[in-house]
Asks: 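Just passing along the structure, written as structure tokens.
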Protein chains: 2
Amino acid sequence: MTPRIDPLTREVVDLIGSVVFRYHEEYDAAAGKHQLTGAQARVLGLLSLEPMPMRRIAEQLKCEPSNVTGIIDRLEIRGLVERRPDAADRRIKLAAATAAGKETYERLRSSLDFAREPLARLSTDERTALRDILRRMLGLET
Amino acid sequence: MTPRIDPLTREVVDLIGSVVFRYHEEYDAAAGKHQLTGAQARVLGLLSLEPMPMRRIAEQLKCEPSNVTGIIDRLEIRGLVERRPDAADRRIKLAAATAAGKETYERLRSSLDFAREPLARLSTDERTALRDILRRMLGLET
DNA sequence: CTGGATATTTCACGTTGTCAAGCAAATGGG
DNA sequence: CCCATTTGCTTGACAACGTGAAATATCCAG
């Protein structure tokens, strides 16, 4: 009953698996250069865009809020993030990247070699095609 | 001095990040259905192909051998993996998937919905194009 | 045979993740 | 207005994963 997956799809899934593995390696290595773990880097990336309640961070990371408490704790100790009260709701704590946090994240981001090494092998046309296909895969049609 | 990354490349990197996140979610969910963690599933996948010394598992996972000890311990307790002596070198322990382990991994693999849901949105031509681009990205030219 | 390298394990430790319990603050129905 | 419920966050206990250092057993070269 399980629909036999055709060989093409299977190969694509494997290739995506390789890309995922490769991406992680490089992401963690880049984070490590700045003494950050992967999770810390991801949170810092979120907060570089805008301050956010703990709750929403947990939703983005798809984990429990209690987990976020610890991650923010460790970032806060290092002065990369701060907790601010929310003007409208005193239950809420807004986590916000400090100037140092934003700067760290920007440096991390531009040291993400993944942007250069494997993608450099592709022509502009290929990159465009890849972008369009990935958009469709992720359901980001315009 | 840092080469400004062009917008197209930046978007592709972001899209790949989304795919990576998505892939992980689904992979962990599929593993969870079989009471496995992501790391356990990955090891079981390796050992489904062939038995392997602890050392080599660590290399494949890019982690320390001491970490592998624990992962194999937990799989062994559940009868999915066993440690065998190596005929030629008594220092080596070959980790091998048991019949139950192989079966579990095959079930896990076919429940990997990532193969269906997002890729189903693509035509065969798009999938072929994606395969070719990913191959080039990963340096798997023929 | 001896000394050095290799394979694995053990231990201590830190981070990430879960779940349950608890506290503070908001909210809605009577 | 008031109480019950819900919501947001933290705490504590626990497990998996990951590192690094030290211990043990085995191999191998000289």
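Residue numbers begin at 1 in each chain, while the letters A, B, ... track the order of the sequences.
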Asks: Any chance you could measure B:Arg10, atom CZ, to A:Leu119, atom CG, to the nearest 0.5 Å?
Replies: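 Interatomic distance, B:Arg10 CZ to A:Leu119 CG, rounded to 0.5 Å: 13.0 Å.
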Asks: Before you tell me yes or no, could you show the steps for B:Gln40 and B:Ile72 under side chain to side chain contact (heavy atoms under 4.5 Å, CB included), namely the whole-Å CA-CA distance, both residues' side-chain angles and the distance that decides it to 0.1 Å?
Replies: CA-CA 8 Å; B:Gln40 288 166 3; B:Ile72 295 292; over 6 Å; no
Asks: Could you identify which residues of residues 37-53 of chain B place a heavy atom less than 4.0 Å from some atom of DNA chain D, listed by residue number, or say none?
Replies: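 Contacting residues: B:Thr37, B:Ala39, B:Gln40.
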Asks: Using salt bridge (Lys or Arg N to Asp or Glu O under 4.0 Å) as the criterion, list what pairs up with B:Arg107, not counting sequence neighbours.
Replies: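 B:Arg107 satisfies salt bridge (Lys or Arg N to Asp or Glu O under 4.0 Å) with B:Glu103 only.
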Asks: List for me each residue that meets side chain to side chain contact (heavy atoms under 4.5 Å, CB included) alongside B:Ile133, sequence neighbours excluded, and say none if there are none.
Replies: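 B:Ile133 satisfies side chain to side chain contact (heavy atoms under 4.5 Å, CB included) with A:Leu122, A:Ala129, A:Leu130 once adjacent residues are dropped.
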Asks: Give me the first and last nucleotide of DNA chain D, going 5' to 3', that has any atom under 4.0 Å from a heavy atom of chain A.
Replies: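 Nucleotide range with atoms under 4.0 Å of chain A: D:dT7 to D:dT11.
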Asks: Within the 4.0 Å heavy-atom criterion, would you say A:Arg56 contacts the bases, only the backbone, or no part of the nucleic acid?
Replies: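 Contact class for A:Arg56: none.
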Asks: Would you check if B:Asp132 and B:Arg136 make a side-chain contact, meaning some heavy-atom pair closer than 4.5 Å?
Replies: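 Of all side-chain heavy-atom pairs linking B:Arg136 with B:Asp132, none is under 4.5 Å.
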Asks: Within residues 87-94 of chain B, find the residues that approach DNA chain C with a heavy atom at under 4.0 Å, and present them sorted by residue number.
Replies: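 When residues 87-94 of chain B is checked for heavy atoms under 4.0 Å from DNA chain C, the hits, listed by number, are B:Arg91, B:Ile92, B:Lys93.
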Asks: Does this structure show an ion pair linking A:Arg121 with A:Glu126, if we count only N-O contacts that are shorter than 4.0 Å?
Replies: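 Between A:Glu126 and A:Arg121 there is no salt bridge, as every charged N stays at least 4.0 Å from the carboxylate O atoms.
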Asks: Let me have the donor-acceptor pairs involving side chains of residues 47-63 of chain A, under 3.5 Å, with sequence neighbours excluded, atom names and distances please.
Replies:
| from | atom 1 | to | atom 2 | distance (Å) |
| --- | --- | --- | --- | --- |
| A:Ser48 | OG | A:Leu44 | O | 2.8 |
| A:Glu50 | OE2 | A:Arg56 | NH2 | 3.4 |

Asks: In the structure I gave you, are the side-chain heavy atoms of A:Leu80 and A:Leu36 within less than 4.5 Å of one another anywhere?
Replies: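 When only atoms from C-beta onward are counted, A:Leu36 and A:Leu80 do touch, with a gap below 4.5 Å.
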Asks: Calculate the interatomic distance between B:Asp86 atom CG and C:dT6 atom C1'; express it in whole Å.
Replies: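 So the two atoms are 13 Å apart, to the nearest Å.
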Asks: List in chain and number order the residues that pass ring pair (Phe, Tyr, Trp, His ring centres under 6.0 Å) with A:His34, two or more places apart in sequence or in another chain; answer none if no residue qualifies.
Replies: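 Partners of A:His34 under the ring pair (Phe, Tyr, Trp, His ring centres under 6.0 Å) test: none.
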Asks: Can you list every side-chain hydrogen bond (donor to acceptor under 3.5 Å, both in side chains) pair that touches residues 79-97 of chain A, not counting sequence neighbours?
Replies: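 Sorted result for residues 79-97 of chain A: A:Asp73-A:Arg83, A:Glu76-A:Arg83, A:Glu82-A:Arg84, A:Asp89-A:Arg91.
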Asks: Would you please name every residue forming a side chain to side chain contact (heavy atoms under 4.5 Å, CB included) with A:Ala29, sequence neighbours left out?
Replies: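 Here no residue qualifies.
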Asks: Salt bridge or not for A:Arg22 and A:Glu26, using N-O below 4.0 Å?
Replies: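 A salt bridge is present here (some side-chain N lies under 4.0 Å from a carboxylate O).
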Asks: May I ask you to decide whether B:Asp14 forms a salt bridge with A:Arg109, counting only side-chain N to carboxylate O separations under 4.0 Å?
Replies: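 The answer is yes: the pair qualifies as a salt bridge.
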Asks: Salt bridge (Lys or Arg N to Asp or Glu O under 4.0 Å) with A:Glu64: which residues, sequence neighbours excluded?
Replies: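 Partners of A:Glu64 under the salt bridge (Lys or Arg N to Asp or Glu O under 4.0 Å) test: none.
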Asks: At a heavy-atom distance below 4.0 Å, what parts of residues 71-82 of chain A sit against DNA chain D?
Replies: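 Under 4.0 Å from DNA chain D: no residue of residues 71-82 of chain A.
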Asks: Which residues in residues 62-70 of chain A have a heavy atom closer than 4.0 Å to any atom of DNA chain D?
Replies: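 Residues of residues 62-70 of chain A under 4.0 Å from DNA chain D: A:Pro65, A:Ser66, A:Thr69.
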Asks: Hey, does A:Leu15 have a side-chain heavy atom less than 4.5 Å from the side chain of A:Glu11?
Replies: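 Of all side-chain heavy-atom pairs linking A:Leu15 with A:Glu11, at least one is under 4.5 Å.
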